[in-house]
Visitor: 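Handing you this structure, nothing more for now.
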Amino acid sequence: MDNLEFIEICEKKLEDKFRAVDETAYFNQVKVLNAFRENNVAVRHFCGTTGYGYGDEGRDVLGKLYATSFGAESGIVSPHLLSGTHALTVALFGLLRPDDTLFCISGMPYDTIRGVIFGENSGSLKDFGVKFSYCDFNINGKFDYELIKKKFDNSVKVVYIQRSRGYELRDAFSCEEIGEACKFIRSLGFTGCIFVDNCYGEFVEKREPTEAGADVIAGSLIKNAGGGLAPTGGYICGKEKYINLIGKRLTAPSIGLEVGSYEGGYRIFYQGLFAAPHTVSQAVKCSLLIGQAMAELGYENFPAINKVPYDITRAIQFDSAEKMVDFIREVQFASPVDGFVTCEPWAMPGYDDDIIMAAGTFVSGASIELSADGPVKPPYIAYFQGGLTYEHGKYTLERILYKLRK
């Protein structure tokens, strides 16, 4: 059986899942379109401003548009939020004060945010007197409610949930699971902010964590929410009282969200959000196809192919560094940009181990575009994500199969 015949068999097995993905994409497309209409988006909102940016309607309406799309009261969307990690950092510094505790109930946070939380002499939250505690998962990789109750105390001001897996071997959390966790935290008498790192999860489901009980969510525009069009930026959405606090950290305490210009204009950010539901559906289909094929070949997948994915990332486990590296290199070789480059592991800023990363993307490092990466250490896990078009993912799989089946 040649590789294309093998892929067609995988596609046949995925027909029901693909239909469900299309249904979710349609639901979210209508939701976003209604948000555009509700906020009276007009051509004038695409224009840029300079200097202080007083009265910048494009900036202000863009924040309202994201908030409406995510079922939140208020939002900040800015090209000056440089990454998902930066958006999370600005939000946490806006919400926390000395002697407060940040309590993460979803295990140890992702590598790049650890230095933000407890780095030494680097301007971290710890340097400013913010305490940190966390709970590991239970044996099923889910929230450990008994441990959460045991470790919770009145010093907790922000409860932190990481929706996606990062470089961990677990499934992403669904909005239903996040909603249950929010209810449990509230049952402990918590009245502070429940904060969700929403990276990789936007528009994968029909609702967002802010529609399930979270107070604030944050993420990157070069992942799901930017639809593959946004060239940079991040968003923070949630309850207005928290967004106002965060805005004072984004700019200055005396100014808040009254300033902020961007001469380049905002059209591509508006258009990216409009495209996001469809673009995310393409990425989810790419993930399902890769997962089905790798499972057929005997490689363990996270999430398992019989489960619904709750983000655009798929973890695939290999029995050697060589196979993991071969997989990631084929993703690079199938890329439209820098497809001639051979990936090598390197000491990537913000990570504890050498990382190998395939990202032949139009927007540098954009995870919504087809990419793969992972730390080169046992167990050898490649983290595959994105895909602006399903066809690109299918062609990439054909290359991967040719390499691995040899």
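It should be emphasised that the depicted structure is a prediction, and the values quoted were computed from it without experimental measurement.
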Visitor: Under a 4.5 Å cut-off applied to non-hydrogen side-chain atoms, are S174 and E205 in contact?
Guide: yes

Visitor: Evaluate whether atom CD of E263 has more than 12 neighbouring non-hydrogen atoms of other residues, nucleotides or ligands under 6.0 angstrom away.
Guide: no

Visitor: Apply the test side chain to side chain contact (heavy atoms under 4.5 Å, CB included) to residues I161 and D197: give CA-CA distance (whole Å), side-chain angles for both, the deciding distance (0.1 Å), then the verdict.
Guide: CA-CA 6 Å; I161 299 172; D197 172 357; over 6 Å; no

Visitor: Quick one: are K241 and L245 in side-chain contact, heavy atoms under 4.5 Å?
Guide: no

Visitor: Determine the interplanar angle of the F274 and F36 rings, folded into 0 to 90°, and report it as parallel if under 30°, tilted if 30 to 60°, perpendicular if over 60°.
Guide: perpendicular

Visitor: Between Y134 and Y160, is any pair of side-chain heavy atoms under 4.5 Å apart?
Guide: no

Visitor: Look at D311 together with R163 and state whether they make a salt bridge at an N to O cut-off of under 4.0 Å.
Guide: no

Visitor: Quick one: list whatever passes side-chain contact (heavy atoms from CB on, under 4.5 Å) with K377, sequence neighbours left out.
Guide: D353, P375

Visitor: Please evaluate residues Q332 and D338 with respect to the criterion side chain to side chain donor-acceptor pair (under 3.5 Å), reporting the C-alpha separation (whole Å), side-chain torsions for both, the decisive distance (0.1 Å), and the verdict.
Guide: CA-CA 7 Å; Q332 184 71 36; D338 291 331; 5.2 Å; no

Visitor: Any salt bridge linking K239 with E73? Criterion: basic side-chain nitrogen under 4.0 Å from a carboxylate oxygen.
Guide: no

Visitor: So, are E398 and K403 salt-bridged, with charged N and O less than 4.0 Å apart?
Guide: no

Visitor: Which pairs, with at least one residue in residues 313-327 and sequence neighbours excluded, count as a salt bridge (charged side-chain N to carboxylate O under 4.0 Å, His left out)?
Guide: D319-K323

Visitor: Any side-chain heavy atom of Y110 sitting closer than 4.5 Å to one from L88?
Guide: no

Visitor: Could you tell me whether the side chain of S261 and the main chain of G53 form a donor-acceptor pair under 3.5 Å?
Guide: no

Visitor: Hey, does F6 have a side-chain heavy atom less than 4.5 Å from the side chain of L401?
Guide: yes

Visitor: Show, in sequence, the C-alpha distance, side-chain angles and deciding distance for K13 and E8, and conclude whether the salt bridge (charged side-chain N to carboxylate O under 4.0 Å, His left out) test is met.
Guide: CA-CA 9 Å; K13 293 180 178 180; E8 287 175 2; over 6 Å; no

Visitor: Between E258 and K248, is there a side-chain N and carboxylate O pair less than 4.0 Å apart?
Guide: no

Visitor: Between F173 and F143, does the ring centroid distance fall short of 6.0 Å?
Guide: yes

Visitor: So do Y266 and Y262 actually touch side chain to side chain, heavy atoms under 4.5 Å?
Guide: yes

Visitor: Taking C-beta and beyond as the side chain, do R165 and Y200 meet within less than 4.5 Å on heavy atoms?
Guide: no

Visitor: Are F203 and F70, when compared by the centres of their aromatic rings, separated by less than 6.0 Å?
Guide: yes

Visitor: Students often mix this up, so state it plainly: with edges at 30° and 60°, are the rings of F327 and F384 parallel, tilted or perpendicular?
Guide: perpendicular

Visitor: Under the criterion side chain to side chain contact (heavy atoms under 4.5 Å, CB included), which of T101, D100, D99 is the partner of S155?
Guide: T101

Visitor: Using modelled atom types only, decide if a donor and an acceptor are shared between the side chain of N301 and the backbone of A304 within a distance under 3.5 Å.
Guide: no

Visitor: Could you tell me whether a side-chain N or O of S124 sits under 3.5 Å from a main-chain N or O of E120, the two making a donor and an acceptor?
Guide: no

Visitor: Just wondering, are more than 12 heavy atoms of other shown residues or ligands nearer than 6.0 Å to CG in D153?
Guide: yes

Visitor: Check whether S335 reaches the backbone of V337 with its side chain - one donor and one acceptor, N or O, closer than 3.5 Å.
Guide: no

Visitor: Do we get K206 above F27's six-membered ring, with its NZ or CZ under 6.0 Å from the centre and within 45° of the axis?
Guide: yes

Visitor: Taking CZ in R97 as the centre, count heavy atoms belonging to other residues, nucleotides or ligands within less than 6.0 Å. Is the count above 12?
Guide: yes

Visitor: Above 12 or not: heavy atoms from other molecules or residues under 6.0 Å from CD of E176?
Guide: no

Visitor: When you measure from the side chain of N140 to the backbone N and O of K142, does any donor-acceptor pair fall under 3.5 Å?
Guide: no

Visitor: Applying side chain to side chain donor-acceptor pair (under 3.5 Å), run through Q385 and D373 and close with a yes or a no.
Guide: CA-CA 9 Å; Q385 60 265 324; D373 56 86; 2.9 Å; yes

Visitor: Counting neighbours of NZ on K17 that are heavy atoms of other residues, nucleotides or ligands and sit closer than 6.0 Å, is the number greater than 12?
Guide: yes

Visitor: Less than 4.5 Å apart, side chain to side chain, heavy atoms only: is that true for L289 and E11?
Guide: yes

Visitor: Tell me the closest heavy-atom pair linking T24 and V204, and the distance in Å.
Guide: CG2-O, 3.5 Å

Visitor: Output all residues satisfying side-chain contact (heavy atoms from CB on, under 4.5 Å) with F128, sequence neighbours left out; order by chain, then residue number.
Guide: F93

Visitor: Using the rule given for salt bridge (charged side-chain N to carboxylate O under 4.0 Å, His left out), can you reason through E344 versus R329, listing the C-alpha separation, both sets of side-chain angles and the distance that settles it, and then say yes or no?
Guide: CA-CA 9 Å; E344 296 289 348; R329 283 176 173 166; 3.1 Å; yes

Visitor: Is the F118 ring parallel, tilted or perpendicular to the F132 ring (thresholds 30°, 60°)?
Guide: tilted

Visitor: Between K223 and E202, is there a side-chain N and carboxylate O pair less than 4.0 Å apart?
Guide: no

Visitor: With no hydrogens and no angle check, is any side-chain donor or acceptor of Y235 less than 3.5 Å from a backbone partner on L221?
Guide: no

